[in-house]
2 protein chains.
Amino acid sequence: MEEECKIPLNTGLRGVTIANTRICEVDGKNGRLIYRGYMIQDLAKASYEEVAYLLLYEHLPAAEELKGFHTQLAAERAIPPELVAALKTRPPKALPMDVLQAAVPMLAHHDPDIAEYSREAAQRMAHRLIAKFPTVVAAWHRIRSGKDPVAPSPEFGHAANFLYMLNGRTPDETATRAIDTALVLHAEHAFNASTFAAREVASTQAHMYAAVSAGVGSLSGALHGGANAKVMQMLLRLGSADKVADFVNAELDAGRRIFGLGHAVYDVDDPRAHIIASMSKTLGEGVGNPRWYEMSTLIEKTAKEIFRKRKNADIPVNVDFYSASLYYYLGIPVDLFPLVFAIARVAGWTAHIIEEQFAGAALKPVLYRPESDYIGDYCGPEVCEFVPLEKR
Amino acid sequence: MEEECKIPLNTGLRGVTIANTRICEVDGKNGRLIYRGYMIQDLAKASYEEVAYLLLYEHLPAAEELKGFHTQLAAERAIPPELVAALKTRPPKALPMDVLQAAVPMLAHHDPDIAEYSREAAQRMAHRLIAKFPTVVAAWHRIRSGKDPVAPSPEFGHAANFLYMLNGRTPDETATRAIDTALVLHAEHAFNASTFAAREVASTQAHMYAAVSAGVGSLSGALHGGANAKVMQMLLRLGSADKVADFVNAELDAGRRIFGLGHAVYDVDDPRAHIIASMSKTLGEGVGNPRWYEMSTLIEKTAKEIFRKRKNADIPVNVDFYSASLYYYLGIPVDLFPLVFAIARVAGWTAHIIEEQFAGAALKPVLYRPESDYIGDYCGPEVCEFVPLEKR
């Protein structure tokens, strides 16, 4: 057994480095985010397909490679009619993340590669999952709204096709660009909680669907993928900018956190937040309703001022904060915000699962199996004496 | 940030203590397994309901408490007709663990407590999950076999009711006792991979179904819950005792591991293995076919002799090894073996999820968010220069 290393217990492994990765660097001190060597600010100019390709294949695709990848993804977008039938059995009020978490292992039921444990099979499964995630989400939203699902169209890119299937109409260029960039920005973030869950499941040699479904489950938590919806609920509850100052003061007075502010890893502003904020501004002005964007900037400014005054500290803004108004402007229902996150992050999850299972000698992962310290002093330091039922 | 603690990277957190727990001690050096203060050898005399109650409520139930718990579980055994309808859309060849992983979030769609984040709601959800797991598994097996599901019967205890729903007939006392004890022995095992996955998901404040579904996904891996089925496949492939010696020699010569031998945590024999082995012996003799039990003992003996001779080391036998023949004697289909594991372990998972989310001050868990070390040297030590698509 390895020499023991004392880490702080019950602190979620914060600050503890547990593995190497070639996929992503989150440099929280300097506010830098890098996927496979590239700065996020540069990747924000690329499409989601380019970035998914980069994550899976370790280089940005040349034009021909991208064309081939687009064709493959487009061919895999449709979901089996049996899955649509299963979705139709679900109660319309089901939490959408729970529907997605169930849909992923149901997709496994139809995958011809499911019993093959190899890098190539895992890559094919990754393509299918990336391609089908938007279709599942859009189909469920249509079904729960009493409408028929809209079949995917190979005419559109990945991002535009999602909006098309969701709303049943062709999105304009500004909307397409905004959702495409949002997907790029959310595609990957190192060992965040959902990716860690996916890698943990993958380490048992479970297949990609089992691991991705666990990622969806982890992302569904209020402290993770649920945060962007919480931000929008806050904006809607406030309703107008004149309520902001009182609200922020009251929340911070009560010691509550404001969703979208603060981050587990970033000490400075999340580099993605500024890119998202500027798109939210453009879209808000475009629809002649900058309110949600403006309220967001005001909340950020007010909270930062209070933090500086009271604690002489900065509170960084994170990616969820401006995603909220952006998705709202795009007409995406608030309870689907975490699903947009999932549609993006599935590229990162699948890349990490492949790294966990099939990386070369430099990264040799094994089944995650940490130790715990038993403090169950039910009978003092002794083992409890067992009393049979009839004598209890 | 905490002071940095260097742990060995990419080794699955082996030997690294990450949390306190009051639920379970696995003392691998001495081959001791303790749930909430009680030795597993003592708990093997109790029923699964008693042990599930102990795991959830921290004491063994008195007669009245047990009666109330049984009544509650029995009332929660039925699954919604909408879930049966969803199961009927699934291809009969779907991997059964994938069906269970999908069924768990589908159960969430019908839970009235789903939006409530409290210990009391989590306990109610735990009851429902424990009660419904056998029903889901039995229903799926009947449906894939072209039969109607058998409704649960409140007449039976938890274990007997599972066999009843699976086979459509009342199990005898020996079979009931064997499956009941097997469920007790598999109910809990500290921070094993599936429990760790469930806790990880729970740490995001995701609800119990999201976390349990992740546990099922983790358990589906060949290195975890899949091992008992692999043991049986080995026995069936060999077919008779005279093949054992050559097989074991060939496997160990080739450096392959034999499923059911060796363990991540135990240095000595798994204390559960001997209890299971003796039940397998009884059942095998009872049906006049001790072959599978006898082959198992011969494989164990042969492998241990070779290990001692070649490596001067012991190879411990683990719980999966004798579970295989036991479940086979009980008439459970081999591909459902990991699901029996899940039916047992859901008590442990739910206890851990409640501890993760609602433990008192002594155990203060936070979102799991480890660090990783980025070794992506795609452009040497520099960030890569972004080249737009048209110039690649």
Side-chain angles (χ1 to χ4, degrees), chain A residues 1-2 5 7-10 12-13 15 17-22 25 37-38 42 62 82 85-86 89 91 94 98 101-102 105-106 108-109 190-191 193 197 200-201 204-206 210 214 217-218 220-224 264 365-376 378-379 384 386 392, chain B residues 1-2 5 7-10 12-13 15 17-22 25 37-38 42 62 82 85-86 89 91 94 98 101-102 105-106 108-109 190-191 193 197 200-201 204-206 210 214 217-218 220-224 264 365-376 378-379 384 386 392:
Chain A
M1 223 173 254
E2 301 89 1
C5 174
I7 64 168
L9 303 190
N10 308 317
L13 295 167
T17 304
I18 66 165
N20 290 328
T21 179
R22 291 175 51 79
E25 177 164 36
Y38 292 93
D42 287 330
E82 295 91 338
T89 70
D98 295 349
Q101 195 183 6
M106 287 200 272
H109 306 163
F191 275 59
E200 204 280 343
V201 170
T204 69
Q205 296 184 6
S218 177
S220 75
L223 299 184
H224 192 5
V366 289
L367 182 71
Y368 282 102
R369 209 306 175 196
E371 299 285 324
S372 52
D373 189 10
Y374 178 65
I375 54 165
Y378 297 97
C379 299
C384 300
F386 181 79
R392 267 176 229 151
Chain B
M1 225 175 254
E2 300 88 2
C5 173
I7 63 167
L9 303 190
N10 307 315
L13 295 167
T17 304
I18 66 165
N20 290 329
T21 178
R22 292 176 50 79
E25 176 164 39
Y38 291 92
D42 287 329
E82 295 91 338
T89 71
D98 296 349
Q101 195 183 6
M106 287 199 275
H109 306 163
F191 274 60
E200 204 281 340
V201 170
T204 69
Q205 294 183 6
S218 177
S220 75
L223 299 183
H224 192 7
V366 290
L367 181 72
Y368 282 102
R369 208 305 175 199
E371 299 286 322
S372 52
D373 190 10
Y374 179 65
I375 55 166
Y378 297 98
C379 301
C384 300
F386 181 79
R392 267 175 230 153

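Note on naming: letters A, B, ... go to the chains in the order of the sequence lines (proteins, then strands), and numbering restarts at 1 for each one.
Only the side chain of A:Tyr378 comes within less than 4.5 Å of a heavy atom in chain B; its backbone stays farther off.
Counting heavy-atom pairs under 4.5 Å between each of A:Ala206, A:Gly217, A:Cys384 and chain B puts A:Cys384 at the top. For the options A:Arg369, A:Gln101, A:Glu82, heavy-atom pairs under 4.5 Å to chain B are most numerous at A:Arg369. Ranking A:Ala102, A:Cys379, A:Ala62, A:Gly376 against chain B, the residue ahead of the rest is A:Ala102, based on heavy-atom pairs under 4.5 Å. For the options A:Ala94, A:Ala214, A:Pro105, A:Ala197, heavy-atom pairs under 4.5 Å to chain B are most numerous at A:Pro105. Interface check for chain B: of the options A:Pro91, A:Ala85, A:Ala190, A:Ser220, the most heavy-atom pairs under 4.5 Å are formed by A:Pro91. Contact count versus chain A (heavy atoms, under 4.5 Å) is highest, among B:Ala193, B:Ala86, B:Pro370, for B:Pro370.
Applying the side-chain contact (heavy atoms from CB on, under 4.5 Å) test to A:Ala222 and every residue at least two apart in sequence or in another chain returns A:Lys230, B:Gln205. Listed by chain and number, the residues in a ring-ring contact (aromatic ring centres under 6.0 Å, His included) with B:Tyr38 amount to none (sequence neighbours excluded).
Judged by distance alone, with hydrogens and angles left aside, the side-chain atoms of B:Thr204 form a donor-acceptor pair with the main-chain N or O of A:Ser218 at under 3.5 Å. Looking only at distances, a side-chain donor or acceptor of B:Asn10 sits under 3.5 Å from a matching main-chain atom of A:Asn20. One N or O on the side chain of A:Tyr374 and one on the backbone of B:Gly37 form a donor-acceptor pair closer than 3.5 Å.
For the pair A:Leu13 and A:Phe191, the minimum side-chain heavy-atom distance is 4.5 Å or more.
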